[in-house]
**Student:** 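Shown below is the structure under consideration.
Values below: all heavy atoms of this structure, side chains included; hydrogens, waters and symmetry mates excluded. Since the structure is predicted, the reported quantities are computational estimates derived from the model, not experimental observations.
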Amino acid sequence: MRKVMLLGLVVGLWWMWRGDGETVAPRVQAGVLRNGFTVLVDRRIHELDQDARTEHQMSLQLADEVRFVGTSAGSTVGWTDGKKLKLAALDDRGNPDEPSTWGKKVTQLCEGAASNEHRFGIGWLESDGRVWIVHGPMRSTELATSEELELETVKTTWCGVASAGQDLALVWRDGKKLSLNFCTPKACSSYVTKVPVPAEEPLVGFGCVRDACLFASRDRSQTVLRRVFETGRSLKLVLTAAADDTRVEIVGAGGRIFALAYLDRDHRVAVELRDTDGSLKQSWSFDERDVPALRWDGSRLLVAFASEKFSALQP
């Protein structure tokens with residue numbers, strides 16, 4: 001049984017106001033470990049090496065909705081327990097090991113989570129309309145600090161969390177306005193970026209690199225991509241190959257590259273690498289029917305399907 005000290009890793013909190021959620025939770029969640037990946041499919045966990053070969057399997061011994069990430073302590077979950085958020089690494093049998101407790105009056109988990117070779121992060125909403133992020137480094141020798149960010153907002157109902165290189169990105173909807181903020185390990189930026197996704201377009205995916213995020217939304221029968229830099233500069237393009245009803249999985253894949261996964265018009269899975277200017281760099285096709293989870297570990301892109309087929313692509 002693995003003995004872990006997760007409290008030594010979780011060393012910082014940020015908060016912001018919440019926004020209005022639209023994306024549908026994926027069937028598969030994944031995280032980056034120090035020497036591989038971890039994948040949660042329903043309640044089954046696969047811990048993989050860097051080539052996506054299964055090294056260990058176990059069943060998650062929790063019936064709750066969870067957010068799933070990798071830490072230097074191993075496969076880790078966050079879940080709500082009454083009015084608190086619990087965070088724990090899992091032992092070899094899938095049991096939470098020495099959970100830590102966060103929050104005061106937790107109402108729900110945030111959309112998505114951050115997990116890459118640099119950091120992890122899980123967010124939750126409080127009853128006062130604020131959202132907190134518990135985060136930590138993949139290397140236990142690194143330290144983060146707490147930072148509080150004041151935002152001038154009206155009532156909001158949703159937030160999302162994503163990896164952004166060595167940082168984290170926070171997204172929230174405030175009324176009809178969608179906003180973006182980047183946080184380093186020490187502080188969130190005082191600059192809030194407006195995201196030009198109309199309120200009437202459901203958000204079906206988002207992911208980030210160090211200074212920009214890519215948002216996928218549904219405009220009637222087409223999927224629209226909008227790349228938004230921290231400065232507010234944006235670019236819009238239509239993902240013409242996408243099926244009408246697909247969600248889009250997006251993660252930063254190093255530097256200024258986004259990795260995308262979606263169902264194409266033949267309902268096969270397309271995985272693409274696109275530059276921040278929208279240009280297509282590389283693509284793959286898979287004979288699957290569910291959009292996979294994607295994770296980037298610094299050199300490999302994990303593609304994890306609900307069918308429990310896993311690939312580690314090396315662009």
**Student:** Provide the full list of ring-ring contact (aromatic ring centres under 6.0 Å, His included) pairs with a residue in residues 277-315, sequence neighbours left out, each pair given once.
**Tutor:** His46-Phe310, Phe286-Phe305
**Student:** Salt bridge or not between Arg93 and Asp91? Use side-chain N to carboxylate O under 4.0 Å.
**Tutor:** no
**Student:** What class does the angle between the rings of Trp124 and Trp102 fall in, given that below 30° is parallel, 30 to 60° is tilted and above 60° is perpendicular?
**Tutor:** tilted
**Student:** What's the verdict on salt bridge (Lys or Arg N to Asp or Glu O under 4.0 Å) for Arg119 and Glu117, showing C-alpha distance, side-chain angles and the deciding distance?
**Tutor:** CA-CA 6 Å; Arg119 306 193 66 74; Glu117 74 274 26; over 6 Å; no
**Student:** Which residue pairs satisfy the disulfide (SG to SG under 2.5 Å) criterion with at least one member in residues 28-105, sequence neighbours excluded?
**Tutor:** none
**Student:** Kindly state each residue pair satisfying salt bridge (charged side-chain N to carboxylate O under 4.0 Å, His left out) with at least one member in residues 286-295, sequence neighbours excluded.
**Tutor:** Arg27-Asp290, Arg268-Asp287, Asp287-Arg289, Glu288-Lys309
**Student:** Would you say the side-chain atoms of Thr76 and Thr71 include a donor-acceptor pair closer than 3.5 Å?
**Tutor:**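 Yes, because at least one side-chain N or O of Thr76 sits under 3.5 Å from a partner of the opposite role on Thr71.
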**Student:** Holding to ring-ring contact (aromatic ring centres under 6.0 Å, His included), I want the full list of residues that pass it with Phe182, two or more places apart in sequence or in another chain.
**Tutor:** none
**Student:** Would you call Asp244 and Arg265 a salt bridge, taking side-chain N to carboxylate O under 4.0 Å as the test?
**Tutor:** yes
**Student:** Does anything in residues 73-119 pair up under disulfide (SG to SG under 2.5 Å), and if so which pairs, sequence neighbours excluded?
**Tutor:**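 Disulfide (SG to SG under 2.5 Å) check on residues 73-119 returns Cys110-Cys159.
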**Student:** Going by the disulfide (SG to SG under 2.5 Å) test, which pairs reach into residues 194-296, not counting sequence neighbours?
**Tutor:** Cys208-Cys213
**Student:** For Glu47 and Ser75, which I'm curious about, is there any donor-acceptor pair between the side chains at under 3.5 Å?
**Tutor:**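 Note: Glu47 and Ser75 side chains meet the donor-acceptor criterion.
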**Student:** With the threshold set at 4.0 Å, does a side-chain nitrogen-carboxylate oxygen contact exist between Arg218 and Asp245?
**Tutor:** no
**Student:** Asp174 side chain to Lys177 main-chain N or O, any donor-acceptor pair under 3.5 Å?
**Tutor:**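 Not a single qualifying donor-acceptor pair exists.
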